[in-house]
Amino acid sequence: MSILADSVSGYLGHASWIRRMFEAGGQLKARFGAENVYDFSLGNPDLPAPAAVARGLRAFAEHAEEPFAFGYMPNGGYPWAREKLAAHLSAEQGVRLTADDVLLSCGAAGGLNAFLRAVLNPGEEMISFAPYFVEYGFYVANHGGSFKAVMSKKDTFAPDLIALEEALTEKTRVVLINSPHNPTGVIYSRKDLIALANLLENKSQEYGRPIWLVADEPYRFLAYDGAEVPSVLPLYPYAAVISSFSKNMSLPGERVGYVALSPRLQEKAELMAGLTLANRILGFVNPPVVGQHLMAAALGSQVDLSIYAARRAAMGEVLKNAGYEFQMPAGAFYFFPKAPGGDDVAFVNALLEERVLAVPGSGFGCPGYFRLAFCVEERVIRNAADGFARARAACN
Ligand code: PLP
């Protein structure tokens, strides 16, 4: 008998694909040397943080011996940090935000959990489009809710709004979208977002309770060829953007993120009070001290995007030359090609034979595809070319 809660021992018994690849990668690296293993399994940004982050850290260190330098603060973050963030997001999201519209959180993950804690009753559901970031299901379950996935449109991975409409019920409290998207790299169009907002507006009226639209946006900064990433905040009063500085400033371990609300929301003060309480009672208490100083010092700067763009081009070339079927990602740092032969798990195992690490689409609720993260040096992508070609050819 397990000493653990059933849910947790169940999760442990079904290790995630990313975890399994991590372990398989460790064994291959020990056997063949790290330089002979091509690891595309992890979305852990490898670029150094922008220079303004180090400058902010040094400036903070000057004050680190003062009383309360590391003290508790309001549960939603330092008021001065919220003000700075609101000014930055006003320009980015095209709406006028004040410090009262934003809450600082422990990463986007902490923001998502605070939001769900604040709005979800046990038994209610959150819907997202498959493929999806696998942690969403855990986050909803943390708060007694259920997670429902609706498949995106075939091949393009645009949101399928007809399928969503069929899936909505009186129990649906949140629809969560992620654009630019992990794992497909798709950016949702303005037209789709307007149609989505209209659908949720109508359904909220029909059910007599709002359905929240949450946009999970940690990859907003990473859009290629000048692609536009439209904001949901001007489109719908019950919209929230949840994001972080994990990817654009390469600060994932520092755990600083935020929730930003639509200025059109009438019950803003009530929701903000709920989010602030949720930050506290979930045990986050407040966002990290140092992370807020780094964020404030570096707002507006980001990692060198031209490096990600060059890797994207290199990966596109390698996959095309080897005969894979895929669409170029419009944003984020992932490719999501079709698995040759159709069986994504079998194909990822075939890649493993070539010392190439990928994650099967099944791990994102979308069998038949596999994910490649290109936050690795360009030479790793190029050196993997022969392995990609051999694995592809073996499936003919
Ligand atoms: N949402 C998506 C789609 C992600 O890919 C990630 C991290 O990889 C997160 C949320 C979590 O981001 P954070 O590290 O800021 O909590």
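First listed ligand is number 1; within each ligand, the first listed atom is number 1. For the single chain, residues carry numbers from 1 onward in sequence order.
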For Arg379, is there any backbone N or O sitting under 3.5 Å from a side-chain donor or acceptor partner on Asn383?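 Indeed, once roles are kept as given, a pair shorter than 3.5 Å links the two residues.
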
Between Asp344 (side chain only) and Ser362 (backbone N and O only), is there a donor and an acceptor less than 3.5 Å apart? yes

Assess the pair [X] and [Y]: is the distance between their ring centroids shorter than 6.0 Å?
{"X": "Phe70", "Y": "Phe60", "value": "yes"}
{"X": "Phe364", "Y": "Tyr132", "value": "no"}
{"X": "Tyr139", "Y": "Phe115", "value": "no"}

Using a strict 4.0 Å cut-off to heavy atoms of [X], name the atoms of ligand 1 that fall inside it.
{"X": "Gly107", "value": "15 (O), 16 (O)"}
{"X": "Tyr136", "value": "3 (C)"}
{"X": "Asn178", "value": "3 (C)"}
{"X": "Ser244", "value": "15 (O)"}

Could you tell me whether [X] and ligand 1 have an N or O pair separated by under 3.5 Å?
{"X": "Phe133", "result": "no"}
{"X": "Tyr334", "result": "no"}
{"X": "Gly110", "result": "no"}
{"X": "Arg255", "result": "yes"}

Tyr258 contact mode with ligand 1 (heavy-atom cut-off under 4.0 Å):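 Tyr258 to ligand 1: no contact under 4.0 Å from either part.
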
Would you mind telling me if ligand 1 is within reach of the side chain of Lys247, the backbone, both or neither, using heavy atoms under 4.0 Å?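 It is the side chain that touches ligand 1; the backbone stays farther off.
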
Would you say [X] contacts ligand 1, with heavy atoms under 4.0 Å as the rule?
{"X": "Tyr219", "result": "yes"}
{"X": "Pro218", "result": "yes"}
{"X": "Tyr132", "result": "no"}

Would you mind reporting whether Glu317 and Arg382 have side-chain heavy atoms less than 4.5 Å apart?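 Yes, side chains in contact.
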
Heavy-atom pair of closest approach, residues [X] and [Y]:
{"X": "Tyr334", "Y": "Arg371", "answer": "CE2-NH1, 3.2 Å"}
{"X": "Tyr258", "Y": "Ser244", "answer": "CE2-N, 4.0 Å"}
{"X": "Phe335", "Y": "Arg312", "answer": "CZ-O, 3.4 Å"}

Atom 12 (O) of ligand 1 sits nearest the protein heavy atom Ala108 CB, 3.8 Å

Quick one: which of Asn182, Leu42, Asp216 has a heavy atom closest to atom 2 (C) of ligand 1?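 Looking at heavy atoms only, Asp216 sits closest to atom 2 (C) of ligand 1.
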
Counting heavy atoms only, name the option from Ser246, Ser243, Ala332 that's nearest to atom 13 (P) of ligand 1.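 Nearest heavy atom to atom 13 (P) of ligand 1 lies in Ser246.
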
Polar contact flag, side-chain donor to acceptor under 3.5 angstrom, Ser231-Gln93: yes

